Structure formats: C-alpha cells, structure tokens
Amino acid sequence: MDALRSVFSSTAATSAENKMASNVLITGANRGIGLEMVRQMVEDKGRVKKLFACCRDPNGPKTEALQDLAKKHPDIIIIVTMDVIDLESIKEAAKVVGLKVGEEGLNLLVNNAGIGLEGDLQETTNKQMLDSFETNVLGPMNVIKEFLPLLRVAAKASKISGMSCNKAAVVNMSTYEASMDVTKYTYSEAAVVPFRVSKAALNMVAVCASEELKKEKILVTLMNPGWVRTDTGGEHAEIDVNVSVKGILKVMGTMGEKQTGMFLDYQGKTQPW
Ligand SMILES: NC(=O)c1ccc[n+]([C@@H]2O[C@H](COP(=O)([O-])OP(=O)(O)OC[C@H]3O[C@@H](n4cnc5c(N)ncnc54)[C@H](OP(=O)(O)O)[C@@H]3O)[C@@H](O)[C@H]2O)c1
C-alpha cells in the first residue's frame with residue numbers, strides 16, 4: 001500500500017476527476033479479462049457513459065456472455081466488431097465509435113486482446129512468431145493509431161488538468177513474462193517464447209507512444225494483470241479474474257502524469273523491464 005501511495009503522488013488526477021463518467025473502449029471484450037472489465041465497469045454506476053466492447057465475432061458462441069451483459073445495460077454497452085489483425089476492421093470500428101462519441105471523443109482505450117502462444121526457442125516456428133506479432137504488437141499499435149483522432153478530441157474537450165484515464169488514455173495489457181529481468185528466473189518454468197517476445201515488443205510500442213503523445217496529455221501505460229485464471233492463464237493460474245480486474249481498475253483510477261510510460265501490475269507495483 002505504501003508503495004502504491006509513493007507511485008501515485010501529486011500529479012495523479014483527483015479522485016473526483018477519476019469518478020467522472022467517460023467513454024471507454026476495450027478490445028477482446030467477449031471473454032476473460034476483457035469481459036470482466038466490462039462487467040465491473042458497468043456495475044460501478046456513473047463511472048462509464050458509453051462502453052464500446054469490441055470483439056471479432058459478436059454473434060458467435062464465445063460472445064454469448066457479453067451479449068447477455070449488453071442486454072442488461074443497453075444504455076451503456078455497445079458491442080463493436082473488431083479483429084485487431086485486420087486493419088480495415090479497426091478503421092471501420094473507429095468510424096462507428098467516432099459517430100457515437102461525437103465531440104466528447106474517446107477517453108480510455110484498453111488494448112486487451114491478445115494471444116499467448118507457447119513453446120521454447122527450438123520448437124517455436126516462424127508462423128507462431130508472426131501470428132503473435134500480428135496480434136500482440138501490430139494489433140494494439142494499429143488500434144492506437146486509428147483511435148488517436150478520438151483520443152485527441154477527448155484530451156481537448158476534457159476539463160481535467162494533467163493526465164487521467166478519464167481524460168484521454170491508452171492502457172495496454174502486457175505481462176510479467178515480457179520482462180527481460182524476470183525471464184532469467186522464470187524461463188525454465190514457462191518458455192512461452194512467442195508470448196514473451198511479442199509482449200516485450202508491445203512494451204516498446206507503448207513507451208514510444210507515451211513519449212509521442214505526452215505533449216497532447218494522452219496517457220499511455222502498460223499493465224501486467226497477474227497470472228489470471230482465463231483461457232490464456234489456464235485453470236492453475238494464481239488469481240481469479242475478478243481479483244485481477246478489481247486491481248487493474250483501482251490502479252487505472254489513480255493514474256496521472258507520473259504513470260505515463262510506466263509498466264505496473266494489478267496491485268500498482270512497478271514492473272521490471
Ligand atoms: N490470463 C493471464 O494470466 C494473462 C497474463 C498476462 C497477460 N495477459 C494478457 O491479458 C489480455 C487478456 O487475456 P485473457 O487472459 O483475458 O485471455 P483470453 O481469455 O484468452 O481472451 C483473449 C481475448 O483476446 C481476444 N482476441 C484474440 N485475438 C484477437 C483478435 N485478432 N482480434 C480481436 N480479439 C482478439 C479473444 O477473442 P476471441 O474470443 O475471438 O478469441 C479474447 O476476447 C491478453 O492481452 C493477455 O496476453 C493475460
């Protein structure tokens with residue numbers, strides 16, 4: 001808790017500012033961490049004005065839980081088709097969202113969609129590496145680029161000083177396994193080369209974006225959700241998805257200028273590069 005307080009010091013937006021309703025977009029929102037984020041955000045009444053829950057197959061069997069949630073909160077949740085490896089689909093989604101948010105813009109973009117391909121260096125194929133880069137690196141990078149005009153509108157329209165997830169922000173879902181330091185101690189337990197390498201590249205994309213966008217007061221961060229019981233994390237993972245998301249939302253709620261370009265976990269701890 002002390003560590004959390006020291007990370008989130010004076011330049012963080014005030015709690016009142018962070019309680020303001022905002023327009024939010026989440027990729028990969030039909031299951032796992034993305035779906036739980038949608039669930040917890042809509043349950044926190046008055047927190048989100050419009051929630052664009054993106055998924056690649058809105059009418060498919062893996063989207064039923066999201067469809068049910070959207071039926072319960074028709075004023076807030078808008079399901080949007082987006083496949084992050086298809087640039088045309090990202091552009092189309094940006095058009096749809098742009099028409100809905102208008103002059104308010106998009107306050108928070110959560111780059112959550114990702115794949116976790118496993119394998120050590122010797123067994124990993126070029127295809128697995130390219131697929132991982134396409135989804136985990138080019139996907140979030142193109143999403144940032146295509147939604148940037150809407151984030152800019154929100155940054156200009158906002159009355160919040162400094163930076164905040166309620167003003168204009170991009171949160172990218174990374175992993176502890178992307179850390180070079182951590183890999184020395186965890187590789188023998190989990191080789192997952194395509195996952196580690198692509199998420200390490202995502203970390204660099206996010207740091208570059210944070211540098212490029214800081215003058216426009218658009219916050220860009222990376223988060224490690226922990227080892228979470230989802231399809232990616234597996235049933236033996238350490239924490240339940242609701243614990244991870246509760247933590248992520250709490251940390252996001254306290255982010256300010258100091259956190260741009262940072263890599264934090266769901267408890268607010270700074271992660272090693
Ligand atoms: N769970 C963990 O322990 C853990 C640890 C570290 C980092 N993470 C990261 O946290 C994020 C969420 O993970 P999770 O555990 O919730 O995984 P998950 O349950 O496997 O869900 C992954 C989500 O990403 C979506 N997705 C994958 N490729 C996509 C594409 N091309 N376009 C659009 N959506 C796509 C999936 O959609 P479909 O249903 O259509 O496949 C699904 O909604 C990921 O970035 C993951 O790498 C998770």
Side-chain angles (χ1 to χ4, degrees), residues 25-40 52-67 69 79-94 109-118 128 130-143 146-147 170-179 182-183 186 189-190 192-203 205-206 221-245 247-249 252 263-267 271:
L25 182 144
I26 302 171
T27 66
N30 59 307
R31 58 188 170 99
I33 293 168
L35 177 65
E36 182 63 19
M37 249 187 213
V38 175
R39 195 188 310 279
Q40 290 192 23
F52 300 96
C54 300
C55 57
R56 51 184 164 177
D57 187 10
N59 299 311
K62 287 191 287 186
T63 309
E64 277 172 17
L66 176 62
Q67 288 284 7
L69 204 53
I79 298 178
V80 177
T81 307
M82 193 206 293
D83 183 337
V84 302
I85 65 170
D86 177 352
L87 186 56
E88 281 314 308
S89 145
I90 301 173
K91 284 180 189 284
E92 197 49 46
L109 160 60
V110 183
N111 262 326
N112 168 73
I115 54 170
L117 299 185
E118 300 179 359
Q128 288 172 318
L130 291 170
D131 287 349
S132 299
F133 261 74
E134 216 177 3
T135 307
N136 296 347
V137 188
L138 293 178
M141 185 166 153
N142 284 327
V143 172
E146 296 304 325
F147 282 88
V170 182
V171 173
N172 299 282
M173 219 48 79
S174 185
T175 171
Y176 199 48
E177 288 168 327
S179 163
V182 169
T183 299
T186 59
E189 299 287 314
V192 296
V193 168
F195 189 53
R196 286 185 190 274
V197 178
S198 59
K199 289 289 188 178
L202 169 67
N203 286 3
V205 167
T221 57
L222 290 147
M223 292 216 67
N224 160 25
W227 186 20
V228 193
R229 286 189 284 276
T230 62
D231 291 339
T232 286
E235 60 181 323
H236 301 297
E238 259 166 22
I239 55 170
D240 201 60
V241 68
N242 70 320
V243 173
S244 168
V245 170
I248 290 169
L249 296 185
M252 277 173 22
F263 181 18
L264 303 170
D265 77 356
Y266 71 104
Q267 295 174 310
Q271 303 296 283

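Remember, it's a predicted structure, so these values are computed and weren't measured experimentally. Counting starts at 1 for both ligands and their atoms, in listed order. Values below: every heavy atom of this structure, side chains too, minus hydrogens, waters and symmetry copies.
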Select the closest option to [atom] among [options], judged by heavy-atom distance.
{"atom": "atom 3 (O) of ligand 1", "options": "N224, T230, V228, D131", "answer": "V228"}
{"atom": "atom 4 (C) of ligand 1", "options": "G226, G234, G116", "answer": "G226"}
{"atom": "atom 31 (N) of ligand 1", "options": "D83, I248, I115, V241", "answer": "D83"}
{"atom": "atom 16 (O) of ligand 1", "options": "I33, I26, D265", "answer": "I33"}
{"atom": "atom 26 (N) of ligand 1", "options": "S89, G34, A113", "answer": "A113"}

Quick test: of every protein heavy atom, which one is nearest to [atom], and how far off is it to 0.1 Å?
{"atom": "atom 39 (O) of ligand 1", "result": "R31 NE, 2.6 Å"}
{"atom": "atom 33 (C) of ligand 1", "result": "M82 O, 3.5 Å"}
{"atom": "atom 22 (C) of ligand 1", "result": "G114 O, 3.7 Å"}

Side chain, backbone, both or neither: which applies to [X] and ligand 1 if a contact is any heavy-atom pair less than 4.0 Å apart?
{"X": "T135", "answer": "side chain"}
{"X": "R229", "answer": "neither"}
{"X": "F195", "answer": "side chain"}
{"X": "S174", "answer": "backbone"}

Checklist entry - For N224 and D265, does a side-chain donor sit closer than 3.5 Å to a side-chain acceptor? => result no
Item to check | N203 versus S174, side-chain donor and acceptor atoms under 3.5 Å | outcome: yes
Checking the N or O distance criterion of under 3.5 Å, is ligand 1 in contact with [X]?
{"X": "G28", "answer": "yes"}
{"X": "W227", "answer": "no"}
{"X": "T175", "answer": "no"}

Next on the checklist: Need the ligand 1 atom indices (1-based, order shown) with element for anything under 4.0 Å from a heavy-atom of K62.
Outcome noted: 38 (P), 39 (O), 41 (O)
Checklist outcome for this item: The atoms of ligand 1 lying under 4.0 Å from a heavy atom of N30, numbered in the order shown, are 37 (O), 38 (P), 39 (O), 42 (C), 43 (O)
Next on the checklist: Regarding E36 and R39, does a basic nitrogen lie under 4.0 Å from an acidic carboxylate oxygen?
Outcome noted: yes
So which atom in [X] and which in [Y] form the shortest heavy-atom distance, rounded to 0.1 Å?
{"X": "L117", "Y": "P194", "result": "O-CD, 3.5 Å"}
{"X": "V241", "Y": "R229", "result": "CB-O, 4.3 Å"}
{"X": "G32", "Y": "T230", "result": "CA-CG2, 3.9 Å"}
{"X": "I26", "Y": "A29", "result": "O-CB, 3.7 Å"}

Item to check | Atom CZ of F147: over 12 foreign heavy atoms under 6.0 Å | outcome: yes
Item to check | Option among L222, V110, L202 that satisfies the side chain to side chain contact (heavy atoms under 4.5 Å, CB included) test with M173 | outcome: V110
Item to check | With S198, the side-chain hydrogen bond (donor to acceptor under 3.5 Å, both in side chains) member among N136, T135, D131 | outcome: N136
